[in-house]
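Can you keep this structure in mind? I'll have questions shortly.
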Amino acid sequence: MLETAVHEIETATELEKIINENENVMVSCGRMGPMCIPVYDAMEELEEERPDVKFYVMGFDTSEASPIRNAPLCRGFMGLPFNVYYKNGQMVTATTSIQDKEQIISVMDQFFA
Amino acid sequence: MDEVYDVMISGAGAAGLAAGIYSSRAKLDTLILNEGAIGGQMILTDEIANYPGVESTKGYTLANIMKKQAKDFGCKIKSNIKIAGYKLEGNIKTIELEDGRSFQAKSVILAPGGKPRPLNIPDEEKCKGTDISYCATCDGDFFTGKEIIVVGGGNSALEEAVTLTNFASKVTIVHQFNNFQAFEHAIQEAKKNPKISFIMGSELREIKGNEILEAVMIETLTTGELSEMKTDGVFIFIGYLPNTESLKDVVKTNDRNEIVVDADKI
């Protein structure tokens with residue numbers, strides 16, 4: 001259970017449903033770790049500022065997160081959280097470890113335009 | 001920009017939030033401006049066991065309590081912003097943000113805190129989260145059975161190196177000095193750990209590999225000699241830099257860019 005105001009996805013089925021029903025989705029898959037919390041914090045604010053994007057978190061230490069953990073775009077990632085971006089149901093890019101709000105916005109502007 | 005606050009606080013770490021709690025509880029109209037996530041270095045700390053009155057808690061838990069306390073007393077907080085500059089002359093002070101917004105107050109409290117010091121080697125930012133990590137708690141298990149390097153010689157470096165031996169098969173500590181800047185118990189814990197070895201008087205200069213880290217170049221500082229060392233990952237714990245870039249021309253800073261407080265009273 002991730003202690004953040006951002007909605008948490010608990011199953012792979014739920015993840016699949018969300019990315020197929022929304023055009024732009026960002027999911028941060030991590031723990032309540034020092035590199036993860038700042039990302040969740042930025043996402044909380046972005047939920048208000050970017051209505052064009054749906055924001056979710058997902059616990060890393062569960063097999064339900066395997067679609068993210070084993071995604072080709074996450075290959076070589078050795079730092080939490082895995083931040084993945086979906087457009088029209090497809091994972092279009094991913095970043096690893098801590099990102100500030102500006103970096104997240106930059107990714108969204110590039111891939112969700 | 002119409003509202004003029006009684007107090008503006010730059011920074012929402014422990015000091016900034018404490019100032020916000022006291023200021024807003026005193027019925028002063030208070031705004032905290034914070035670059036990054038609320039909690040500052042608290043949220044970079046997994047377990048906090050030395051905060052008076054709190055036996056042991058998670059860093060994010062303590063940060064959330066402080067944030068709630070401040071907000072419950074009426075303090076406003078704007079986080080994840082970028083401060084472009086300060087105008088502290090005159091009775092009304094102004095803080096300008098990079099996005100064009102600006103805020104005014106009768107008083108400003110500076111509590112900007114610090115950020116982890118980078119190594120400043122080529123490709124450091126690009127390798128963050130793949131080859132380079134700043135958090136043993138977060139990323140240690142990705143290096144299970146692997147050989148890794150820890151850069152640094154303070155308490156964080158030594159304690160995190162010991163933690164990382166729970167995962168890695170071998171941990172090599174690379175430190176620029178020939179002695180450690182850590183508490184004796186941390187030094188002894190590291191020295192007695194059979195998985196930890198030390199390269200002293202040396203600095204990491206380059207990371208090598210194609211997509212996956214293969215080796216690093218380490219310079220022996222006394223001779224300037226460079227040697228290659230194979231490794232699977234690098235963890236960096238080399239202290240903090242003060243967040244004073246936008247304050248340099250506004251307040252007096254020392255040669256480490258730290259704000260000189262009450263210089264006339266020393």
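A note on names: the letters A, B, ... follow the listed sequences, proteins ahead of strands, and every chain is numbered from 1. Worth saying up front: this structure is predicted, and the values here are computed from it rather than measured.
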- Message: If you count heavy-atom pairs within less than 4.5 Å of chain B, which of A/M78, A/R75, A/M35, A/M32 leads?
- Response: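 Heavy-atom pairs under 4.5 Å are most numerous for A/M78.
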- Note on the structure: Test ring-ring contact (aromatic ring centres under 6.0 Å, His included), reference B/F235, set B/F142, B/F167, B/Y134, B/F143, output is B/F143
- Item | Check: B/A168 main-chain N/O paired with B/K195 side-chain donor or acceptor under 3.5 Å | yes
- Item | Side-chain touch B/K170/B/I196, heavy atoms, less than 4.5 angstrom |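 No, side chains not in contact.
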- Task: Report yes or no: does B/D123 contribute a side-chain atom to a donor-acceptor pair with the main-chain N or O of B/K126 at less than 3.5 Å?
- Result: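 A pair under 3.5 Å: no.
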- Task: Show the numbers, then the answer: is there a side chain to side chain donor-acceptor pair (under 3.5 Å) between B/S10 and B/Y86?
- Result: CA-CA 10 Å; B/S10 173; B/Y86 295 79; 2.7 Å; yes
- Item | Approximate separation, where rounding is to 0.5 Å, of A/C29 SG and A/E8 CD |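 CD of A/E8 is found 9.5 Å from SG of A/C29.
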- Message: Within residues 104-113 of chain A, which residues come under 4.5 Å of chain B, heavy atom to heavy atom?
- Response: none
- Query: Looking only at heavy atoms, what is the nearest atom pair of B/I77 and B/A70, with distance?
  - Reply: CD1-CB, 4.5 Å
- Message: Please check this pair: side chain of B/S169 against backbone of B/K146, looking for a donor-acceptor N/O pair closer than 3.5 Å.
- Response: yes
- Task: Determine which residues belonging to residues 50-70 of chain A lie within contact range of chain B, meaning some heavy atom pair is under 4.5 Å apart, and list them by number or answer 'none'.
- Result: A/F60
- Message: Taking B/N257's backbone N and O only, do any of them form a donor-acceptor pair with B/T244's side chain (distance below 3.5 Å, no angle check)?
- Response: yes
- Do side-chain atoms of B/E159 reach the backbone of B/S156 as a donor and acceptor pair under 3.5 angstrom? no
- Under 4.5 Å between any side-chain heavy atoms of B/L213 and B/D232, yes or no? no
- Query: What part of B/T130 lies closer than 4.5 angstrom to a heavy atom of chain A: side chain, backbone, both or neither?
  - Reply: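 Both backbone and side chain.
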- Message: Report which part of B/K82 has an atom under 4.5 Å of a heavy atom belonging to chain A: side chain, backbone, both, or neither.
- Response: side chain
- Decide whether B/N80 and A/D41 meet the rule of one side-chain donor and one side-chain acceptor closer than 3.5 Å. yes
- Message: Can you tell me which of B/S133, B/A63, B/G129, B/A37 forms the most heavy-atom pairs within a distance under 4.5 Å of chain A?
- Response: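 Ranked by heavy-atom pairs under 4.5 Å with chain A, first place is B/G129.
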- Message: Do A/L80 and B/D139 have side chains that approach each other closer than 4.5 Å (heavy atoms only, starting at C-beta)?
- Response: yes
- Task: Could you check if a side-chain atom of A/M26 sits within less than 4.5 angstrom of a side-chain atom of A/V39, using non-hydrogen atoms only?
- Result: yes
- Task: For the residue pair B/I121 and B/E206, establish whether any side-chain heavy-atom pair is separated by less than 4.5 Å.
- Result: no
- Message: Is a donor from one side chain sitting under 3.5 angstrom from an acceptor on the other, for B/S79 and B/N34?
- Response: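 B/S79 vs B/N34: no donor-acceptor pair found between side chains.
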- Residues of residues 11-22 of chain A near chain B, each having a heavy atom less than 4.5 Å away: none
- Message: Given 3.5 Å as the limit, does a donor-acceptor pair link the side chain of B/N155 with the main chain of B/F183, or not?
- Response: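 Yes, the answer is positive, given that a donor and an acceptor are paired below the 3.5 Å cut-off.
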- Query: With respect to chain B, which residue among A/K101, A/R31, A/E45 yields the maximal number of heavy-atom pairs within a distance under 4.5 Å?
  - Reply: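 When all of A/K101, A/R31, A/E45 are compared, A/E45 has the most.
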- Message: Which residues in residues 81-98 of chain A have any heavy atom closer than 4.5 Å to a heavy atom of chain B?
- Response: A/F82, A/T96, A/S97, A/I98
- Electrostatic pair B/K230:B/E147 at N-O distance under 4.0 angstrom: no
- Per-residue tally against chain A (heavy atom, under 4.5 Å) across B/T61, B/I132, B/I38, B/I43 peaks at B/I43
- Message: Test side chain to side chain contact (heavy atoms under 4.5 Å, CB included) on B/D29 and B/K76; report intermediate values, then the result.
- Response: CA-CA 8 Å; B/D29 198 11; B/K76 296 185 180 73; 3.8 Å; yes
- Query: B/D141 versus chain A, heavy atoms under 4.5 Å apart: side chain, backbone, both or neither?
  - Reply: side chain
- Between the main-chain N or O of B/I83 and the side-chain N or O of B/E35, is there a donor-acceptor pair closer than 3.5 Å?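 It does hold such a pair.
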